[in-house]
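Note on naming: letters A, B, ... go to the chains in the order of the sequence lines (proteins, then strands), and numbering restarts at 1 for each one. Small disclaimer: the values here were computed from a predicted structure and weren't measured.
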2 protein chains.
Amino acid sequence: MPEPSFVAVDWGTSSFRLWLMGRNGDVLATSRGADGMLSAQQTGFPDVLSRHLAAVSAPDHLPVIICGMAGARGGWIETGYVDTPARLDGIASGAKRVPGQARDIRILPGLAQRDRAEPDVMRGEETQLLGALSTMQSHAALVCMPGTHSKWVTLQGGIVSGFATYMTGELFDVISHHSILSAAVKDANALDAGNPVFADAIRAVALHPASVTSQLFRARSGQILNGLSATDAVAHLSGTLIGAEIAGATRSLETGGTVCLVATGRLAALYEQAFQTLGIPSQTVDADDAVRQGLTLAAETLWPDLATSSE
Amino acid sequence: MPEPSFVAVDWGTSSFRLWLMGRNGDVLATSRGADGMLSAQQTGFPDVLSRHLAAVSAPDHLPVIICGMAGARGGWIETGYVDTPARLDGIASGAKRVPGQARDIRILPGLAQRDRAEPDVMRGEETQLLGALSTMQSHAALVCMPGTHSKWVTLQGGIVSGFATYMTGELFDVISHHSILSAAVKDANALDAGNPVFADAIRAVALHPASVTSQLFRARSGQILNGLSATDAVAHLSGTLIGAEIAGATRSLETGGTVCLVATGRLAALYEQAFQTLGIPSQTVDADDAVRQGLTLAAETLWPDLATSSE
């Protein structure tokens, strides 16, 4: 195995991903688990990290760079936020070293929009964004990072001028599990971006976004009156929430303006389909690559001697 | 006690209300319980009704008129729907008698909007609406019946031309109990219509209704960055959802047009405050009175000999 250079970790609320990185930016080994912040609060952050480091046989001296909820209040150590307007290359200098550990472990800060009327926070996505920007073909002004809490970032000359969180993924989850629509939706995994009901829901909510909480109910009334299938009900629910998010987030996007989509797998397919349905140009950057690349850029800033970049 | 004339029942999904009605429209006795449809599906509809009839000592010969989920699929007997455009005085003729019962028990149908794109259903609110229209001072064209599933009805010359359901109450419930906002919201009962945060949220979402799923998240980011209290977070969540509903439902209301609000208690106070905040004239009809009055009108149609009306 080539010599490892550092360890990169994306520590989310409910997931953990670790990469053993080589000198030239290669991934030498990976370890993933469901032991995100919520789980680590019970079992202890040092133990969770140690177990994953052992899984990839990481040498004792190897430094670790971490982004995400490990730096939140209630995380391992609180790393605070870099305030908007924010230069993304400034997040590395906001990293804090975890005290009392022989190994050099740094946790990156989040981003905060300290606005009375429109306060917002992110933690983890700023690192993904740093990586995405470095691989983006053109200079996008609007970046979409979909997920449990989708983040939409507005950039001006490479500086984050503002951002907004849309609770799309979590609303999809709580509505399909805990509301009256759960009976209509049944299996959320049946969601297919190619279902025309998904595109119909996108178009309908984009036309009248104020009716979003009414359009949701049509998953049920459509089932009662029109025999809407469970598969179509899932597509309707997802299309309504994703369509409302895009309608809200692209309000000030100029016509023909491109959205940079940072996503992977099914989420990428759904949002690509949604953008296409609404005639909004988009380019996709792989979300997994982006966060690893962002962690690598931060590591290079923190530890210049690593010289990870391919030569 | 004056002689009872008939029994009126509003049988919801999770609640049951029964009134023993006198000859002149007076309420002689009341029985309420949490044994709505979901509970009655387990214990049996006849048993639930018998228990409440016994609680008010209803004579054996007294007829019973029922609206609500008892007539749904999965209810006591399925009573179907009256289709829009619908005359409300037609719902009585759509009532079905429960077979195999010595007592004359009738269950009213719901209303259905059989539209491919905008299907919708109601069950119980049509009876409330019938009662509300009979007591309304002026001839309103738009009626708001807030609740778990708020119903907004458009009327043309006393005929229901269309309606829409907004999942406001249920979304408030699932978001405040099952989402990340539950930590910020804590006690949903702390909701106060007079809280300025409620009015602020109403105004903000009315300005940009497409951002509703983003504005919701500010209950959390406001707590993290601005020290938003749990009481204010509840007001923010409620104002956002009610504001989005009103923005969506009053889209085609002409300026100065009045909304008839059929509500009671805290819900009436919240919606009155919301309408006032947005400068929309409204008149309130008590929801409990309305459903009882609607059941009475239906009873008079079904059993003309009852002569319940005051002379």
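- Between chain B and the residues A:Ala249, A:Pro119, A:Gly248, the most heavy-atom pairs under 4.5 angstrom are made by A:Pro119.
- Among A:Pro209, A:Gly243, A:Ala206, A:Ser221, the residue making the largest number of heavy-atom pairs under 4.5 Å with chain B is A:Ser221.
- Using a 4.5 Å cut-off between heavy atoms, A:Leu228 makes no contact with chain B at all.
- Put simply, the side chain of B:Gln273 does not reach to within 4.5 Å of the side chain of B:Ile202, judged on heavy atoms.
- Using a 4.5 Å cut-off between heavy atoms, A:His177 does not touch chain B at all.
- Between B:Val174 and B:His178 the shortest side-chain heavy-atom distance falls below 4.5 Å.
- Of the listed residues B:Ser179, B:Ala204, B:Ser150, the one with more heavy-atom pairs under 4.5 angstrom with chain A than any other is B:Ser179.
- B:Ser238 places no side-chain N or O within 3.5 Å of a backbone atom of B:Val234 that could act as its donor or acceptor partner.
- For A:Ala247, the parts sitting under 4.5 Å from any heavy atom of chain B are the backbone and the side chain alike.
- Proximity to chain B (any heavy atom under 4.5 Å) is restricted, for A:Ala117, to the backbone atoms N, CA, C and O.
- Residues A:Lys96 and A:Glu78 form no side-chain contact, since every pair of their non-hydrogen atoms from C-beta on lies 4.5 Å or further apart.
- Contact check for B:Val160 versus B:Leu155: side-chain heavy atoms found under the 4.5 Å cut-off.
- Between B:His208 and B:Ser214, every side-chain heavy-atom pair lies at or beyond the 4.5 Å cut-off.
- Heavy atoms closer than 4.5 Å to chain B are found in the side chain of A:Val212, but not in its backbone.
- Using a 4.5 Å cut-off between heavy atoms, A:Arg251 touches chain B through its side chain atoms alone.
- Both the backbone and the side chain of A:Glu118 have a heavy atom closer than 4.5 Å to some heavy atom of chain B.
- From B:Glu245, atom CD reaches atom OH of B:Tyr271 across 3.5 Å, with rounding to the nearest 0.5 Å.
- The minimum heavy-atom distance linking A:Met69 with A:Met37 is given by the pair O-SD, 3.5 Å.
- Looking at A:Asp173, neither its backbone nor its side chain comes within 4.5 Å of chain B, counting heavy atoms on both sides.
- No side-chain heavy atom of A:Pro109 sits less than 4.5 Å from a side-chain heavy atom of A:Tyr81.
- Comparing B:Thr148, B:Val121, B:Leu241, B:Asn226 by heavy-atom pairs within less than 4.5 Å of chain A, the highest count is held by B:Asn226.
- Top candidate by heavy-atom pairs under 4.5 Å with chain A, chosen from B:Leu181, B:Ile175, B:Leu216, B:Asp120, is B:Asp120.
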